[in-house]
Amino acid sequence: MQTKLDVQDLNAWFYQKQALKNVNVKIPEKMVTAVIGPSGCGKSTFIRCINRMHELVPGAKVSGKVLLDGADIYGTMDPMDVRRKVGMVFQKPNPFPNMSVADNVVAGLKLLGTYKKQELSELSDANLKSVGLWEEVKDDLKKSGASLSGGQQQRLCIARALAMNPEVILMDEPSSALDPASTAKIEELVKKLKNETTVIIITHNVQQAARISDMTAFFYLGELIEFDQTANIFESPKNQLTERYITGRFG
Amino acid sequence: MKARKSHFFKLQDSLFKYFLIACSLIVVGLFVAIFLMLFETSLPSIYQNGWSFLTGLVWDPNNNIFGALPAIAGTLISAAVATLVAIPLSIGIAIFFTEYAPARSKLVLSLFIDLLAAIPSVIYGIWGLWIIAPLIKTNVEQPIIGAIGFIPLFSGPAYGLSIFLAIVILTIMVIPIITAITIELLSKTPVPLKEGMISLGATKSETIRHLGLPFARLGIVAAVILGLGRALGETMAVTMVIGNSYYWPFSGYSIFAPATTITSKIAGAVGEAGGLEFSALLEMALILMVISLAVNFISRSLIKRTSKRGFG
């Protein structure tokens, strides 16, 4: 099991409030890692530290190391480069309404300015296919990205992140705003994604974590309580807190 | 529970309603009255001068010849150029304010932008007349005339008081208007979309270019037109710095020459005017009112469209 992300002594603050306390974890490559825990436990802060989005919030501070293939993303790497390598999908679908469906997919690639029109349109088609959206939108590629349904919008956002060919994809409760049918499609997609990339997915739904993830990390009050293979976490959790959380006794 | 004294409240309510109706009628009535007054007083000039009022270049009260074209041209040119110059400056300030200015300096900066908008125009006029005019004459106009004075647009002599100075002052007066509205618009760029953009590796300036500005576009156009309206109607400051010479731009094209506008012509001449000249001045005012109304109307309909669609 190859380590993709090696998080060492990660601490994060909002002003005086500490949101993450000494997190140490090795996220394996090409697997789905679920991050679970009650609201306010630091799940979002944790994944936002991995693509350096946390520091954009006023009063935010980070210490510790996050090694991506051995290189510290808080070292000499440019934050913009980090975000190109570590893609993100948000809780609420956020396609750009001022861009067409096709332009949404390649929005990040366009910024690079190194692709020709033809290449962009091919990449757009290919990524729409890989998220299973192509058949549904192939006649509406010129329409605004906001004209799609919620579930389609979220898959469009996944395509947009995938188009960057990222090494890691972070997902912050990507299906919590969607109906069950759309959720099922997203889950299928996540399982498929691990063939190509490393996925870290926050979910509020422990069953979802059990269904789609290989590894599970349980956070509580800013601390990483337990990190293990998903089967172990759900069948024989070592920590009592973990057991109480996954059995629904608090959360 | 006691019953409400319903009759009393009903009476009070309807009285209040009539009071409000009366207030709104006053507004409508005033507008109509001003318009009718302008139109009626302009009638002698409209009959006498006909269409040549719009095309004539001469303003000669002694021989009752009135052409308003230089004033109309001065108004349109000074307001349009000032607004055009103000656009990039205002958007620049607004972008700096929303994206780059440290949180603590924002309060001070926004205070100054508001203050700049609140300065009475006569103060801009005095400042332009006493401080800026001599400065511009020796440090801008004379060097430029010396270097490229052979180009008609920049030919001499340098007066200080000129259409150029009027444009500079108008630009300064328009900037706070466009800036304040643009800041408002840019700060409303939806955060989830901004985060989406940043998560793709976009820099701050790319986020503004691909998201902030497209979203604010129509609103900025409306703000620009609002600024244009201010520049068109500005009287005091322009009258004090423009030099009030009637024939520009038909006497020569130099931007360093004194000129006039509708407002400064009216302000300067109305005190001593009688008879047909008075009527002609009011016809000029009528023209300005129509221009301003058109600008206002365009701006309103644009703002409506922006708020309906949510983005430009």
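The model shown is predicted, which means the values in this text are computed figures rather than measured ones. Per chain, numbering begins at 1; letters A, B, ... match sequence-line order.
Residue A/K143 places its NZ atom among 12 or fewer non-hydrogen atoms of other residues, nucleotides or ligands, all under 6.0 Å distant. Around atom NZ of A/K65, no more than 12 heavy atoms belonging to other residues, nucleotides or ligands sit under 6.0 Å away. Within a 6.0 Å sphere centred on CG of B/L111, heavy atoms belonging to other residues, nucleotides or ligands number more than 12. In A/K92, the NZ atom is not crowded: 12 or fewer heavy atoms of neighbouring residues, nucleotides or ligands sit closer than 6.0 Å. Other residues, nucleotides and ligands contribute more than 12 heavy atoms inside 6.0 Å of the OH atom of B/Y100. Heavy-atom neighbours of B/F112 CZ from other residues, nucleotides or ligands within 6.0 Å: at or below the threshold of 12.
Across every non-hydrogen atom of B/L193 and A/F96, the tightest pair is O-CE2, 3.4 Å. When all heavy atoms are compared, the tightest approach of B/G196 to A/F90 is CA-CE1, 3.8 Å.
Using a 4.5 Å cut-off between heavy atoms, A/R52 does not touch chain B at all. Proximity to chain B is absent for every atom of A/L112, based on heavy atoms less than 4.5 angstrom apart. Residue A/P93 does not touch chain B at all, counting heavy-atom pairs closer than 4.5 Å.
A distance of 3.5 Å separates CE in B/M197 from CE in A/M99, rounded to the nearest 0.5 Å. For the atom pair NE2 (B/H210) and CG (A/L111), the distance works out to 5.0 Å, reported to the nearest 0.5 Å. Atom-to-atom distance recorded for A/M164:CE and B/S199:OG is 9.0 Å, nearest 0.5 angstrom.
Here the side chain of A/N94 pairs no donor or acceptor atom with the backbone of B/V191 at under 3.5 angstrom.
For the side-chain contact (heavy atoms from CB on, under 4.5 Å) with A/M80, the lone residue among B/L200, B/I198, B/T203 that qualifies is B/T203.
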